[in-house]
Amino acid sequence: MNSLTLTPSSLYISIASSVVVLSCAFYLGRISASSKPTSVALRYLDDKGRKKEKGEGRSLLDDDGESGRLPKTLSLGELDVRRKCCIARGGPTDHAGEVVVSSVPNFDLNTTIFGSLPGLLPRTVQGSKVGVASYWSDACVSRVNEAYSKIPKPITYKSALVSFMSDRCDFAIEHADGSFMDHLKFCHDYTCQNYPDASPVPMLLHSIMGVGTNFFPMSASLIPDLQALITERDFVHVSSFPSVLRLILGTDFLKVLLTSPTLPRKVTFRRVIDNAVMSLEGDDVKRHLNYQLVHCLDFLPYAGWRRQMDDGFLKSFIDLHQYLVAAGGLEARVQYDASDGSWARDGVPLTVGGILRGALPVGVAHMLARKAVRGFSDGIGHDLSYELVY
């Protein structure tokens, strides 16, 4: 086995680089008060679908200061080239040589689900991930569209669910790549095509009880109404999704799972929206971890994976895929090999955030990401403890 040997000079350069980056992080953190995120800890609509009054929680639709209902029409989402390719292939692709990612001028992070992210350094880095535009080669677009046209059309959304999401929830916000509904459509359609034994409903609704940055598309008072619209098994997965996602991104949950060759029989945790005790048991543990793996797909970098190992979702995807394969729990079709990925620079925009990401040690980046997740849970009194039973 080959080993890596650090010479005194290379060790000095590595240490010096880390010191410089951490000094920048400290400095940016000190001045972050002048770059305020959206001042929310909780954002949602009331149980009648009305926007909350100021001081009661703030919806991103409140900028005009007026009250009222959401529009009756809600875009059902669209799929871009990357998402179509992922669905048609049944797995992710490092699109090195096929796409160029550039920054969006005057991008405002406050218009996205990451608007409440605190600290100038985290906001700058996150902006380099989501404030981008992708430019694809004609050959790639043609190939992907042809492959996508040959797969079966996904099942349609239930009209009652669409009405509930449109009239009583708030999905009118930008996500990591496009609109919120673009993301939900991808997760739903990928499940239809590549995880046909599982219901796609939880993947359409997985964010409805909260996203990682404390944006809540619906209020807790609407939980009984939602529960009446879907099966009990789907409801368990929808209720559990935000919690398990925070365990994956913000705790040692995956690290602990990787120490066991088998899947747990039961996982107990707290629900994000109201801190209620929740559990997944039996086959639902396996199914839910497959749902989480599918969800990770939509956050993977366009290209240059090996250059972006600081990305929390990329690491979580790799670890979770490895675990499910080793434990015999991979049910969804997710074609991925550990050797996949390139060192291409195409997937990282030339911005301050992109440069900081390249210089920040991977371990430090992951530590900061976990700290951010824990900070959001602390901010709403959400308990991140969990219990595994084998």
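A distance of 5.0 Å separates CD1 in I87 from OH in Y148, rounded to the nearest 0.5 Å. A distance of 8.0 Å separates CG in L184 from CG in L205, rounded to the nearest 0.5 Å. A distance of 4.0 Å separates SG of C187 from CE of M203, quoted to the nearest 0.5 Å. Taken from OG in S316 to CG in L293, the straight-line distance is 10.5 Å, to the nearest 0.5 Å. The distance from atom CZ of F241 to atom OG of S239, rounded to the nearest 0.5 Å, is 12.5 Å.
Between Y323 and L263, the closest side-chain pair of non-hydrogen atoms falls below 4.5 Å. Contact check for D182 versus F180: no side-chain heavy atoms found under the 4.5 Å cut-off. The closest side-chain heavy-atom distance from D319 to L257 is not below 4.5 Å. Annotation: side chain of L330 is in contact with side chain of H321 (closest heavy-atom distance under 4.5 Å). Between C296 and L314 there is no side-chain heavy-atom pair separated by less than 4.5 Å. Residues V211 and P242 fail the side-chain proximity criterion, which asks for heavy atoms closer than 4.5 Å. With a 4.5 Å cut-off on side-chain heavy atoms, S279 and V267 do not count as touching. Considering only heavy atoms from C-beta on, R143 stays 4.5 Å or farther from E146 through its side chain.
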query = Please walk me through it: do K266 and E387 pass salt bridge (Lys or Arg N to Asp or Glu O under 4.0 Å)?
reply = CA-CA 8 Å; K266 182 178 181 179; E387 181 183 0; over 6 Å; no
request  = Would you check, one step at a time, whether the test ring-ring contact (aromatic ring centres under 6.0 Å, His included) holds for F269 with Y386?
outcome  = CA-CA 5 Å; F269 46 85; Y386 64 91; 9.2 Å; no
request  = Applying side chain to side chain donor-acceptor pair (under 3.5 Å), run through D310 and H366 and close with a yes or a no.
outcome  = CA-CA 6 Å; D310 65 299; H366 293 163; over 6 Å; no
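Annotation: cation-pi geometry satisfied between R82 and Y302 (NZ/CZ under 6.0 angstrom from ring centroid, within 45° of ring axis).
Ring centroids of F186 and H295 are separated by 6.0 Å or more, keeping the two rings apart. Aromatic rings of Y157 and H188 (six-membered ring for Trp) have centroids within the 6.0 Å cut-off, being under it. No close placement of the H206 and Y291 rings is indicated, their centers lying 6.0 Å or farther apart. Between F317 and Y336, the ring centre distance stays below 6.0 Å.
Among all heavy-atom pairs drawn from R270 and D383, the shortest one is CB-O, 3.4 Å. Taking each heavy atom of L79 and K185 in turn, the nearest pair found is CG-CE, 3.9 Å. In this structure, M209 and I273 approach most closely via the heavy-atom pair O-CB, 3.6 Å.
Criterion: ILVMFWY side-chain heavy atoms under 4.5 Å apart, direct or through other members. Under it, L289 and V256 are part of a common hydrophobic cluster. Residues F299 and M309 fall within the same hydrophobic cluster, defined by Ile, Leu, Val, Met, Phe, Trp and Tyr side chains chained together at heavy-atom separations under 4.5 Å. Side-chain heavy atoms closer than 4.5 Å link hydrophobic residues (I, L, V, M, F, W, Y) into clusters, and following such links, possibly through other members, connects L297 to V325.
A donor-acceptor contact under 3.5 angstrom links the side chains of R246 and S377, judged on distance only.
Here the side chain of R307 pairs a donor or acceptor atom with the backbone of W343 at under 3.5 angstrom. In this structure, N214 contributes its side chain and G210 its backbone to no donor-acceptor pair below 3.5 Å. In this structure, D340 contributes its side chain and D337 its backbone to a donor-acceptor pair below 3.5 Å. For the pair D94 (side chain) and W305 (backbone), a donor-acceptor distance under 3.5 Å is present. Although no hydrogens or angles enter the test, the distance criterion places no donor-acceptor pair under 3.5 Å between the side chain of R233 and the main chain of S199. Checked by atom type and distance alone, the side chain of N275 never pairs as donor or acceptor with a backbone atom of H382 at under 3.5 Å. With hydrogens and angles ignored, the 3.5 Å screen pairs a side-chain donor or acceptor of R333 with a backbone N or O of R89. Side-chain atoms of D170 do not come within 3.5 Å of backbone N or O of M218 as any donor-acceptor pair. At distances below 3.5 Å, at least one donor-acceptor pair connects side-chain atoms of D80 with backbone N or O atoms of R83. Using a distance-only test at 3.5 Å, with no hydrogens or angles considered, a donor-acceptor pair links the side chain of T251 to the main chain of F253.
D138 CG: 12 or fewer foreign heavy atoms inside a 6.0 Å radius. Within a 6.0 Å radius of OH in Y390, other residues, nucleotides and ligands contribute more than 12 heavy atoms. Counted within 6.0 Å of CG on D283, heavy atoms from surrounding residues, nucleotides or ligands total 12 or fewer; the atom is thus considered open.
Judged as a side-chain hydrogen bond (donor to acceptor under 3.5 Å, both in side chains), and not counting sequence neighbours, the contacts of Q292 are H288.
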